[in-house]
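To start, the structure under review is shown below, and the notes come after it.
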There are 2 protein chains.
Amino acid sequence: MARPPAAEQPDGVDTRTRIQRVALELFTEQGYEATSLREIAERLGVTKAALYYHFRSKEEIVQSLFTDQLAKLDELIAWGEGQPRTLETRREFVHRYADLLQSGRPLELMRFFERNQTSMQEKHQAGATIRERIGRLQGLLSTTDDPPAERLRRSLAIMAVHTAWFVLREPDISDEARRAAAVEVALSLVE
Amino acid sequence: MARPPAAEQPDGVDTRTRIQRVALELFTEQGYEATSLREIAERLGVTKAALYYHFRSKEEIVQSLFTDQLAKLDELIAWGEGQPRTLETRREFVHRYADLLQSGRPLELMRFFERNQTSMQEKHQAGATIRERIGRLQGLLSTTDDPPAERLRRSLAIMAVHTAWFVLREPDISDEARRAAAVEVALSLVE
DNA sequence: GTCTATATGCCGATAGAC
DNA sequence: GTCTATCGGCATATAGAC
């Protein structure tokens with residue numbers, strides 16, 4: 001998992017991590033397919049070959065982004081799958097999910113994934129993994145027995161929590177206010 | 001706009017239209033960047049050069065998909081911008097928007113757009129146009145003066161109408177039932 | 001760990017025959 | 001309207017020196 005033994009740059013971040021950061025940014029802005037390894041390398045001031053020392057392929061860069069962050073999501077899913085399917089569980093889930101998105105950087109990953117859905121297909125291993133987890137999340141809130149409107153509402157509850165960060169940008173809204181709005185709307189959708 | 005004078009294939013659809021259909025399908029499934037003109041041509045049993053007789057570039061194929069369908073959306077926006085910003089207008093908007101998505105094929109275009117967000121950037125002319133229209137749609141339902149939770153709720157109302165078609169698939173749900181669920185949830189979000 | 005140099009292949013796009 | 005043939009370019013990926 002972790003790899004402590006690594007040479008560090010002046011800014012205290014090793015090259016592997018710098019590659020991941022730049023790749024995530026460019027993949028999200030321009031798209032996975034539209035971003036070349038040459039572009040990533042140039043941004044970092046190294047050559048393509050240096051990238052291949054740290055990652056065996058372009059796809060492996062993406063995989064590394066997710067595997068480094070997937071653990072917390074799996075914790076939440078494990079918790080949810082051990083709870084009774086009650087209103088109280090759904091409420092608690094909304095809060096925990098909002099927490100999850102606010103801590104660490106899973107939100108940047110979500111955005112990357114959302115904007116690169118076509119690249120993250122079944123062929124892409126990271127894509128398959130994330131899709132499976134999203135299915136499990138939805139499964140925590142509703143079952144196929146529920147009436148359609150209710151299933152739709154509960155899917156939207158999850159979307160509300162991410163979407164809040166993209167819809168509520170301007171003007172001068174604090175992270176706390178955005179989170180409060182997300183939770184309020186999501187809660188109303190799981191009632 | 002229309003181009004009646006065109007040779008037709010045995011199945012009654014001219015080549016230009018067949019190119020558009022296959023392109024939309026492949027762009028949506030695999031992604032715009034990941035789909036080559038060679039692939040589209042092979043699927044149709046022609047060569048790349050034939051594609052270039054009908055469209056000047058890959059991007060022009062995408063543009064043609066939207067320009068052929070944008071008129072109805074513009075009608076809805078024009079109607080909405082001429083109405084008072086009342087609850088009754090929002091309700092009527094939800095119904096009209098659901099109508100719009102059910103008639104014709106704008107839904108397939110929405111799916112294509114949603115799954116190829118990174119390719120449909122500002123540089124891409126079709127992308128800029130659609131983004132502008134989506135902004136106008138959101139503007140019909142809410143203003144920046146509204147409190148955050150309300151703005152989020154109204155953005156979700158629009159999403160509910162599309163999302164219904166992707167979330168509510170199995171098992172044996174009719175178009176009418178799906179539409180009813182979408183409208184019900186969207187209405188509750190614009191109250 | 002990073003470099004130079006290169007292999008190999010597909011891409012979008014065009015020219016010109018039929 | 002569709003074809004064959006081709007251009008120039010950039011892609012991912014690798015070999016091997018330092």
Side-chain angles (χ1 to χ4, degrees), chain A residues 3-23 26-27 29-65 116 118-121 123-127, chain B residues 3-24 26-27 30-65 116 118-121 123-127:
Chain A
R3 52 175 69 199
E8 292 197 358
Q9 303 291 325
D11 60 353
V13 179
D14 63 37
T15 300
R16 183 185 150 95
T17 303
R18 290 169 66 226
I19 293 170
Q20 289 176 316
R21 286 185 184 173
V22 169
L26 292 180
F27 288 163
E29 291 309 312
Q30 311 178 339
Y32 174 76
E33 315 276 354
T35 301
S36 68
L37 296 179
R38 177 190 53 76
E39 212 172 348
I40 296 170
E42 269 177 16
R43 181 81 81 100
L44 289 168
V46 297
T47 64
K48 278 191 296 177
L51 269 52
Y52 279 97
Y53 172 81
H54 294 279
F55 300 96
R56 270 187 293 197
S57 69
K58 190 180 179 182
E59 170 167 357
E60 207 190 77
I61 298 179
V62 174
Q63 283 182 23
S64 76
L65 291 172
N116 286 280
T118 49
S119 302
M120 301 289 109
Q121 298 279 65
K123 61 167 187 173
H124 226 106
Q125 204 214 311
Chain B
R3 52 176 70 201
E8 292 198 358
Q9 302 292 323
D11 60 352
V13 179
D14 63 37
T15 301
R16 183 186 149 93
T17 303
R18 289 170 65 228
I19 294 171
Q20 289 177 316
R21 285 185 186 174
V22 170
L24 178 58
L26 292 180
F27 288 164
Q30 312 177 340
Y32 174 75
E33 315 276 354
T35 302
S36 68
L37 296 179
R38 177 191 54 76
E39 211 172 347
I40 296 171
E42 270 178 15
R43 180 81 82 100
L44 289 168
V46 297
T47 63
K48 274 193 299 176
L51 269 52
Y52 278 97
Y53 171 80
H54 295 279
F55 300 95
R56 270 187 294 196
S57 68
K58 189 180 179 184
E59 170 166 357
E60 207 189 77
I61 298 178
V62 174
Q63 284 181 24
S64 77
L65 292 171
N116 286 278
T118 49
S119 302
M120 302 289 108
Q121 299 277 61
K123 61 167 188 175
H124 226 105
Q125 204 214 311

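Looking at Ser64(A) and His54(A), their side chains never come closer than 4.5 Å, going by heavy atoms from C-beta outward.
Remark: Glu42(B) pairs with Arg38(B) by the side-chain contact (heavy atoms from CB on, under 4.5 Å) rule, at least two apart or across chains. Residues forming a side-chain contact (heavy atoms from CB on, under 4.5 Å) with Arg56(A) (at least two apart in sequence, or on another chain): Glu60(A). In this view, Ala34(A) and Glu33(B) satisfy the side-chain contact (heavy atoms from CB on, under 4.5 Å) rule, not counting sequence neighbours. Under the rule for a salt bridge (charged side-chain N to carboxylate O under 4.0 Å, His left out), Glu39(B) has no partner lying at least two apart in sequence or in another chain. When the side-chain contact (heavy atoms from CB on, under 4.5 Å) test is applied to Ala49(B), the partners found at least two apart in sequence or on another chain are Thr47(B).
Nucleotide dT12(D) holds its P atom 12 Å from the CD atom of Glu42(A), rounded to whole Å. The CD-C1' distance, from Glu60(A) to dA13(D), rounds to 13 Å in whole Å. The distance from atom CZ of Arg18(B) to atom P of dG1(D) is 13 Å, rounded to the nearest whole Å. The CG-P distance, from Leu44(B) to dT2(D), rounds to 10 Å in whole Å. Residue His54(A) contributes atom NE2, which lies 13 Å from atom C1' of dC3(C) at whole-angstrom precision. One atom, CD1 of Ile19(A), and another, C1' of dG1(C), lie 10 Å apart when rounded to the nearest Å.
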Going 5' to 3' along nucleotides 4-18 of chain C, which nucleotides have protein heavy atoms under 4.0 Å from the base (write B), which only from the sugar-phosphate (write S), and which from neither (write -)? B------SBBBB---

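Thr15(B) has a side-chain polar atom (N or O) that falls below the 4.0 Å cut-off from OP1 or OP2 of dT2(D).
For Tyr53(B), the listed nucleotide lying nearest its side chain is dG1(D); candidates were dG1(D), dC3(D), dG1(C).
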